[in-house]
Protein chains: 4
Amino acid sequence: MTAQITQAAPTHLTGDIVLGPHQYGKAENRVVRIYRETDRHEIRDVSVSTSLRGDFAAAHLQGDQSSVLPTDTQKQTVYAFAKQRGLESIESYGLELARHFVDDVEPVRCARIDVEEYAWARAQVNGREHDHTWIRQGQEVRTAAVTVEGTGDEQRTWVTAGLKDFTLLKSTGSAFSGFLVDEYTTLTPTEDRILATTLIAEWRYTTTDVDWEATYLGVRALFVERFAEVHSLALQQTLFEMGKAALEAYPMIAEVRLAAPNKHHFDYDLSPFGLDNPNEVFHADDRPYGLIQATVQRSDAPDAGPAWTRGAA
Amino acid sequence: MTAQITQAAPTHLTGDIVLGPHQYGKAENRVVRIYRETDRHEIRDVSVSTSLRGDFAAAHLQGDQSSVLPTDTQKQTVYAFAKQRGLESIESYGLELARHFVDDVEPVRCARIDVEEYAWARAQVNGREHDHTWIRQGQEVRTAAVTVEGTGDEQRTWVTAGLKDFTLLKSTGSAFSGFLVDEYTTLTPTEDRILATTLIAEWRYTTTDVDWEATYLGVRALFVERFAEVHSLALQQTLFEMGKAALEAYPMIAEVRLAAPNKHHFDYDLSPFGLDNPNEVFHADDRPYGLIQATVQRSDAPDAGPAWTRGAA
Amino acid sequence: MTAQITQAAPTHLTGDIVLGPHQYGKAENRVVRIYRETDRHEIRDVSVSTSLRGDFAAAHLQGDQSSVLPTDTQKQTVYAFAKQRGLESIESYGLELARHFVDDVEPVRCARIDVEEYAWARAQVNGREHDHTWIRQGQEVRTAAVTVEGTGDEQRTWVTAGLKDFTLLKSTGSAFSGFLVDEYTTLTPTEDRILATTLIAEWRYTTTDVDWEATYLGVRALFVERFAEVHSLALQQTLFEMGKAALEAYPMIAEVRLAAPNKHHFDYDLSPFGLDNPNEVFHADDRPYGLIQATVQRSDAPDAGPAWTRGAA
Amino acid sequence: MTAQITQAAPTHLTGDIVLGPHQYGKAENRVVRIYRETDRHEIRDVSVSTSLRGDFAAAHLQGDQSSVLPTDTQKQTVYAFAKQRGLESIESYGLELARHFVDDVEPVRCARIDVEEYAWARAQVNGREHDHTWIRQGQEVRTAAVTVEGTGDEQRTWVTAGLKDFTLLKSTGSAFSGFLVDEYTTLTPTEDRILATTLIAEWRYTTTDVDWEATYLGVRALFVERFAEVHSLALQQTLFEMGKAALEAYPMIAEVRLAAPNKHHFDYDLSPFGLDNPNEVFHADDRPYGLIQATVQRSDAPDAGPAWTRGAA
């Protein structure tokens, strides 16, 4: 453990200790918005997190809060905007919030709003959709992140949308063979296995002139279609095909980022009991799992700027 | 803290220290069973827990394992039976397993099998259901518990079925008023509120001559219908109506047990910002929550025996 | 699936549909109580759940709340009592709350209070314990449940105490061999393995004249001592020895209930890489796990009454 | 929603669809390593995740796995190295693994190893530390991330260390006042409140010539000391002081990144019951929470390179 990491850089630093990138906000505001103008109500169920960036050095260095809009105020704003500006789609709602913080709160130079949305399906009652009763749908969560930076003509905006906890499984049409072998390799190749994942995907828009609802549903449908229809030689290939399909269909999407655990389903060895098991009985293992991450992008994608910067840096 | 709990019973005991009720098994075997006789596959995704009861005192008192069928063996059996006996419904599969342990393993006097089932929906691809691709459905989990006791003519069997993590919400049609008031009561009555719960329900059958799939779906549909249609004066009332509907429709059900958190959605106070909020913007709170538990039963329900005994005692 | 469960009992019921056991309360009130009479503060961090039993049939059958003390009121009482009556130990605090609900709220016949306590250790600063700073300790949770039934001379009280999420591991001194073998048994016996568990234990007192803090710590220390010192021929044996030690030391304890997952640590097979692995490298598996449950009790233990009744029935 | 995000960049892209940044590996290998050379055993309990980067385009574009070392092989290597190379500290173990993948597996250009370590305390038995029995410590998790890029003279290495789930609370010595007020601000300033957080911190080393164990413990102790001793005018200030203390003490640390939820403890309003509550009874709320993120760094810190790049990009 004695090799230096870098030859050039000093390993014992003597420079001043300074504040680097920083941000603060209120996380996981759980807003439920009911639209009840008619007897047929609508519901939006979201978790909203705000992050404000700017020069908050005085708070860090001297404890001076005079430039700090409290996170409690950010919470109040989140709930107030759900009424004042509405919550038709999480992207438009995030845009309203982010612009407000940057435009109306002087020390804020950049605001990022993360929203998760939980889906509800209308209850079926006697074969008809109920007006004001819902059942929580799936584990799947829709996500959006809006970043607004600067004011006036300098203002720039980035929007990403996505989903997470989206679990897909196919019981055939997936292989894994022809892989690299080294001294630690014991895996047997297979031409037929279960492929299952709990997908996290996010895509970046080049504009805010988007039908947020239709595009979300369209991308999601393409993901499902590709996962099902591609004969998978590897999860890597499936992911690329999913991202590619989204980009082909939606020219206002610059890139798609995918992270997919390979949720292993192991053929259970029933041979000690004289039983054949041709891919019928599996043990679904928890850990470890493969984890494949890939970006699929347009070669002319504009710079991502802070679109993907979740934390302070 | 000086009052004795009971006048009659001794508070300092001198009797022998003995083994009381005990059981053991393998918990959370994650079995996935694919039926692939045709191109249109079927999937069953379950978590199976076994519990064996009998005279296992020697294991506890002397560490003598000669009567102890290893939990590893129970696991092997769980997977083997998914192939040998099949997994058409979790109740029938549980019955096969429970009977096997009681009938075929000498020291076992009673076996309880708990099964959870995770639902998958067929992927929609270009408007059609896909043959071998699914999306994990909901948070809702279907449950069953089978208890078999004794052998031969003495053998008795209990089956309960249920669901959990079943989240329902109605945005109107729920009130809470006219309640008891004491010196610690500050709550304001309301005639219109959100009612939301994540239901746990279990019902006990009087027979195994049941169409398990149809009955499960029927009970579930009745729960939804009652939750939606009953104008709720209290979650207590809604629960009773749900249990009653199941009993009315299915005479082979002896009792329904319901446990329902009252997941509070608080009207957010927007008045400091000059905004009216007529039940439109809510804060969904995590904790604390109300918790209502009730049994609805037939007056001629046979004795429950060990049907509800999950642990050793 | 055609065998009837019971020959004697009817499988299709025709009796009236009635309300069975029921209870309601407020769950998981997160109370933090600071004692700050001197500069050296003390902290109690608890989650409190209340459950009231009595004749609340009108609420279920007609939606009539006139006998229902709101769960919101129960919450207010929980916080008010943390100030008014104090929170020196979770058992004494639970007793105050349970007695209040039974004694002071007319329709309440029985109250059960469940408390979980989260431990904090004083921060060490420059070698000394800090007056008002703590670090959250462990995953271990201390528990207590108090049940009070009836009023006046008829009043009876039950107290159980316990712990959960208490994870213990020993790297030798544990075997598993000589077990029963059937056609599904493939397990190899072992004379040396890792034994690990995340213990849930609860014990029932025969009196309230107890030093709650000292007894809790004493029982916990005995559990640790027995787990470490007993050469374990099976987890069953270890559990029995743990329960026995508690009963021997504390004659006011009537019974100990233990539930212990056998958290499997599998020797990793390194032989394909020409490596020996004499119990040095293990894979800690998540699921499935063994689950051993046992009660150890005094032969002259008084009747448990509702001491262990967590839910409505 | 019609404003374009950027004036200059095209919003409808026509460029080729290409693979961007990508990586893959095996996540959450749960390795337990026992050192048993003497009767006094030692334990290391870790979760290891591997990520390999390089040119794996063929796998994504054509499903060609010939350059892909299976994630199963990565798992085997993780377990084998726990024996072959040992696991004295998570940083040194991570370095061994990362260097192996880059040096010995041809297509791998860069490897990142993330390790989490779970702490165990020796059981106290009759006042002495036990040789081979432990109790799982705390919720706190120690972390490390090692990134190795390139081979031979070009090889560069980055090591970060940290902790997470580290929960601290102080019951006084914290204020929040003098903050910015806007139209959505309703918060009341306070000069005395509970300050509590569950800290995530990571720091970056400039060298691998480090006593990993001593430095980890030293940084942790400084964090605790600063949290306790700084009279906090804001969590921002406390975080900066914590990072600064670590940098002052350890000149081989280039920067410290901190993310701290402000876990709100609200004074419970007991005034309706005629009770005063001078910071004695609190409600510990779950959500929302403040979230403060800050980097504290040396002005002469060398470039971070991929040190903080957890995912593919």
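Lettering of chains follows the sequences in order, A, B, ..., and the numbering in each one begins at 1.
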Could you go through the side chain to side chain donor-acceptor pair (under 3.5 Å) check for A/His264 and D/Lys26 one step at a time? CA-CA 11 Å; A/His264 303 306; D/Lys26 192 69 117 193; 2.7 Å; yes
Which bit of [X] is near chain D, if near means a heavy-atom gap under 4.5 Å: side chain, backbone, both or neither?
| X | answer |
| --- | --- |
| A/Ser67 | backbone |
| A/Leu239 | neither |
| A/Ala59 | both |
| A/Lys75 | side chain |
| A/Thr14 | both |
| A/Gln62 | backbone |
| A/Thr73 | both |

Heavy-atom contact with chain A under 4.5 Å, split by part of [X]:
| X | result |
| --- | --- |
| D/Leu69 | both |
| D/Asp72 | side chain |
| D/Thr295 | both |
| D/Thr50 | neither |
| D/Pro261 | neither |
| D/Ile253 | backbone |
| D/Val105 | side chain |
| D/Ser66 | both |
| D/Ala254 | both |

Heavy-atom side-chain proximity of [X] to [Y] below 4.5 angstrom:
| X | Y | value |
| --- | --- | --- |
| D/Pro302 | A/Leu13 | yes |
| A/Phe81 | D/Tyr184 | yes |
| A/Asp104 | D/Asp182 | no |
| D/Ser49 | A/Leu291 | no |

Between [options], who has the most heavy-atom pairs with chain D when the cutoff is under 4.5 Å?
| options | result |
| --- | --- |
| A/Pro251, A/Gly63, A/Gly20, A/Ser51 | A/Pro251 |
| A/Glu183, A/His231, A/Glu255, A/Glu248 | A/Glu248 |
| A/Thr238, A/Val296, A/Asp300, A/Val181 | A/Asp300 |
| A/Pro288, A/Ser177, A/Gly311, A/Gly178 | A/Pro288 |

As an exercise: rank [options] by heavy-atom pairs under 4.5 Å with chain A and give me the winner.
| options | result |
| --- | --- |
| D/Tyr289, D/Phe240, D/Phe56 | D/Tyr289 |
| D/Ala260, D/Ala259, D/Ala27, D/Ala80 | D/Ala27 |
| D/Leu233, D/Ile292, D/Val18 | D/Val18 |

About how many Å separate [atom2] of [Y] and [atom1] of [X], when rounded to the nearest 0.5 Å?
| X | Y | atom1 | atom2 | result |
| --- | --- | --- | --- | --- |
| D/His22 | A/Leu258 | NE2 | CG | 13.0 Å |
| D/Thr11 | A/Met252 | OG1 | CE | 8.5 Å |
| A/Gln23 | D/Gln293 | CD | CD | 4.5 Å |

So which atom in [X] and which in [Y] form the shortest heavy-atom distance, rounded to 0.1 Å?
| X | Y | answer |
| --- | --- | --- |
| D/His60 | A/Ala294 | CE1-CB, 3.6 Å |
| A/Pro21 | D/Gln297 | CD-OE1, 4.1 Å |
| D/Pro70 | A/Leu180 | CD-O, 3.1 Å |
| D/Gln65 | A/Ala234 | NE2-CB, 2.7 Å |

State whether the side chain of A/Thr71 and the backbone N or O of D/Gly290 hold a donor-acceptor pair below 3.5 Å, judged by distance alone.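 The answer is no, because no donor-acceptor pair under 3.5 Å joins these two groups.
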Donor-acceptor contact below 3.5 Å, side chain A/Asp16 vs main chain D/Arg298: no
According to ring pair (Phe, Tyr, Trp, His ring centres under 6.0 Å), who are the partners of D/Phe179, at least two apart in sequence or on a separate chain? D/Phe176
Is it the case that more than 12 heavy atoms not belonging to D/Lys83 sit under 6.0 Å from its NZ atom?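 For D/Lys83, atom NZ is crowded (more than 12 foreign heavy atoms under 6.0 Å).
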In sequence, state the C-alpha distance, the side-chain angles, and the governing distance for D/Tyr250 and A/His12, and then conclude on ring-ring contact (aromatic ring centres under 6.0 Å, His included). CA-CA 8 Å; D/Tyr250 295 100; A/His12 283 69; over 10 Å; no
Apply side chain to side chain contact (heavy atoms under 4.5 Å, CB included) to D/Ala98 and list each qualifying residue two or more places apart in sequence or on a separate chain. D/Ala111, D/Ile113, D/Val146, D/Val148
Pair A/Tyr24, D/Gln236 - check side-chain contact (heavy atoms from CB on, under 4.5 Å), show working. CA-CA 9 Å; A/Tyr24 77 105; D/Gln236 278 91 330; 3.8 Å; yes
If only side-chain N and O atoms count, and only distance matters, is there a donor-acceptor pair under 3.5 Å linking A/Gln76 with D/Thr186? yes
